[in-house]
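As the structure lists them, so they are numbered: ligands from 1, and atoms in each ligand from 1. Since the model is a prediction, treat every value here as computed from it, not as a measurement.
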Amino acid sequence: MTTLPSGRPADPSAPLPRFPANFLWGVSTSATQIEGAVREDGRGPSSWDAFAAEPGRIKDGSDASVAADHYHRYPEDVALLKDLGVGGYRFSVSWSRVLPEGAGPVNKAGLDFYDRLVDALCEAGVRPVPTLFHWDTPLALEERGGWLERDIAYRFAEYVDVVAERLGDRVGRWITLNEPAELTMLGHALGDHAPGRRLLFDAVPVAHHQLLAHGLAVDVLRSRGSGSIGIANSHGPTWAASDSEADRGAADFYDLLLNQLFADPLLLGRYPEGIAEMLPGPVEEDLRLISQPLDWYGVNYYQPTRVGAPDPAVSAHFAGIRIPPEMPFSLHPVEGYPHTAFDWPVVPSGLTELLVAFRDRYGDSLPPVVITENGCSYEGIDDQDRIAYLDGHLRALHDAMEAGVDVRGYFVWSLMDNWEWAQGYAQRFGLVHVDFADGSLTRTPKASYGWLRDALRAQK
Ligand code: IFM
C-alpha cells in the first residue's frame with residue numbers, strides 16, 4: 001500500500017466519504033487536445049496549429065491535426081461518458097471552428113459539430129459544460145497581436161454570443177476561460193506554449209485582456225439568460241524553499257503571479273499590489289466588469305510549487321518549464337512525495353490547503369467552488385497509481401468541505417489520453433487509453449475508469 005503524503009495510507013478499495021447528493025461529478029477535455037479534424041468543415045487555423053508547425057516546439061515533433069479524432073468519434077466518447085456515470089462533461093469550443101478568422105463570418109458546419117455533441121450529451125443524460133476558450137486563439141487574431149491587444153476581448157465577446165445563441169437552449173453551465181495564468185506565463189512570458197512569445201513581465205497585459213474578455217463574456221451570457229457561469233483558474237499552494245527572508249519573499253511573489261493576479265480581480269475587484277502599474281487601459285472601469293458575481297469558481301489543482309530566491313543553479317529547467325535567470329524566483333523540487341510520469345509531485349493535502357486558504361482570503365466573496373480539473377499523467381492501462389491519486393485527492397477535497405469550504409463539483413482531467421500541448425502525445429492523463437502508437441486511436445478504458453465508475457455508483 002502506498003503512503004500518500006497527507007500522512008494517510010491510500011487504500012482505494014475503501015469507500016470514499018459521502019459527497020452531497022447534488023454534487024456534480026464530471027470529466028474534462030479540450031478541443032485542441034482531442035478533436036483533430038483541424039482542416040475539416042471550414043475550421044480556421046489556431047495559434048497552436050502554427051506553434052506546432054515550428055520545428056522544435058513540441059517535444060515529440062507531433063501536432064494536433066488528428067489527436068484523438070473526437071470530431072468524428074464523439075458518439076463513442078459520449079457512450080464512454082454515459083457508462084462512466086458522470087453527471088457533467090467539460091469540453092471546450094474551438095473559436096476558430098466557429099469563426100475561422102476569429103471574427104466575421106460564422107462557420108455553420110463548425111457550430112453544427114457542437115450542436116450535435118450537445119444533443120448527444122443531453123440524450124445520454126450528461127450535462128454539457130462548455131469552456132469557451134482553452135488557449136487556442138484563432139491565428140488571424142494572433143497575427144494581429146492576439147491577447148496583447150485589448151481588441152481581442154471584444155472579438156471574444158462576439159464569438160461567445162454566437163455560441164450562446166446556438167447552444168444556450170441546452171447548455172445550463174458555462175466556463176468562460178481555461179487557465180488564463182498559463183496562457184500568460186507559458187505562452188507569453190516564457191514562450192514554452194503558443195504563441196511562443198518570451199516577453200517576461202511585458203506579458204502582464206495578456207492577463208488583463210483575458211480577464212476583460214471574461215467580464216464581457218459574463219455580460220453576454222447573462223443577456224442570453226444564463227444563470228450558471230464560472231471560470232477555470234489554475235491554482236496551487238506556494239511553499240517557500242526555506243525560511244530565509246529571500247525565499248519567503250520569492251514565494252510570496254510567485255503566489256501573487258499564480259494565484260492572486262487571477263483571483264483578486266475576479267473576487268475582490270482589484271489587482272494585487274505590485275501588478276497594477278504594469279496593466280494597460282482603463283483598469284478601474286474594466287475591474288467593474290471583471291468582478292461581476294460568478295455563480296461558481298472553478299479551480300484546476302495539480303500540485304504545490306516550492307519557490308526560492310533567484311538561483312541559476314536550481315531552476316534553469318524545471319518540470320519541462322524553462323525559468324530564465326531574469327525572473328525574481330527559482331523553482332525547486334518538491335521532495336518527499338511520489339511523482340507522476342510528468343514528474344509532478346502528488347500532494348493531495350495541497351488541495352485542502354489551497355481551498356482553505358482561498359476561503360480564508362476571499363471569505364464571502366468566494367462563490368461555491370467546483371474543481372474543474374484534477375488528474376495525473378501515468379503510463380499503462382492497469383493504472384493503479386492514477387487510482388491512488390484520485391482517491392487521495394477526493395479525500396483531501398472532502399477534508400476541505402468538512403473544514404467549511406463550499407465545493408459543488410469535481411471534474412477529472414481527463415476523459416481520455418490526448419495531445420498534451422508542448423509535450424505532444426508523451427503524457428497520458430486519460431481514464432481511457434487511446435492507441436496513438438498504431439494510429440487506430442482505439443479507446444480502452446483503464447483500471448481508473450472502472451474504479452471511478454464504481455465510486456460514483458457507490459455515491460448514489
Ligand atoms: O492538459 C492540460 C489542460 O489543457 C490544462 N490544465 C492542465 C492539463 C495538464 O497539463
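- Annotation: salt bridge (charged side-chain N to carboxylate O under 4.0 Å, His left out) contacts involving residues 94-103, sequence neighbours excluded, comprise Glu35-Arg97.
- Ionic pairing of Arg39 and Asp49 is not present here: no N-O contact between side-chain nitrogen and carboxylate oxygen is shorter than 4.0 angstrom.
- Between Trp95 and Phe133, the ring-plane angle classifies as perpendicular under the 30° and 60° cut-offs.
- Using a cut-off of 4.0 Å between Lys/Arg side-chain N and Asp/Glu carboxylate O, Arg453 and Asp83 are scored as salt-bridged.
- The ring pair (Phe, Tyr, Trp, His ring centres under 6.0 Å) test with Trp421 singles out one residue from Trp135, Phe342, Phe51, and that residue is Trp135.
- Just one of Asn178, Val129, Thr131, Asn300 meets the side-chain contact (heavy atoms from CB on, under 4.5 Å) condition when paired with Thr372; it is Asn300.
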Measure from every N or O atom of ligand 1 to the protein's N or O atoms and keep only the pairs below 3.5 Å, writing each with atom names and distance to 0.1 Å.
unit_1: ligand 1; atom_1: 1 (O); unit_2: Gln33; atom_2: NE2; d: 2.9
unit_1: ligand 1; atom_1: 1 (O); unit_2: Trp413; atom_2: NE1; d: 3.2
unit_1: ligand 1; atom_1: 1 (O); unit_2: Glu420; atom_2: OE1; d: 2.6
unit_1: ligand 1; atom_1: 4 (O); unit_2: Gln33; atom_2: OE1; d: 2.7
unit_1: ligand 1; atom_1: 4 (O); unit_2: His134; atom_2: NE2; d: 2.8
unit_1: ligand 1; atom_1: 4 (O); unit_2: Trp421; atom_2: NE1; d: 2.9
unit_1: ligand 1; atom_1: 6 (N); unit_2: Glu179; atom_2: OE1; d: 3.2
unit_1: ligand 1; atom_1: 6 (N); unit_2: Glu179; atom_2: OE2; d: 2.8
unit_1: ligand 1; atom_1: 6 (N); unit_2: Glu373; atom_2: OE1; d: 2.5
unit_1: ligand 1; atom_1: 10 (O); unit_2: Glu420; atom_2: OE2; d: 2.6

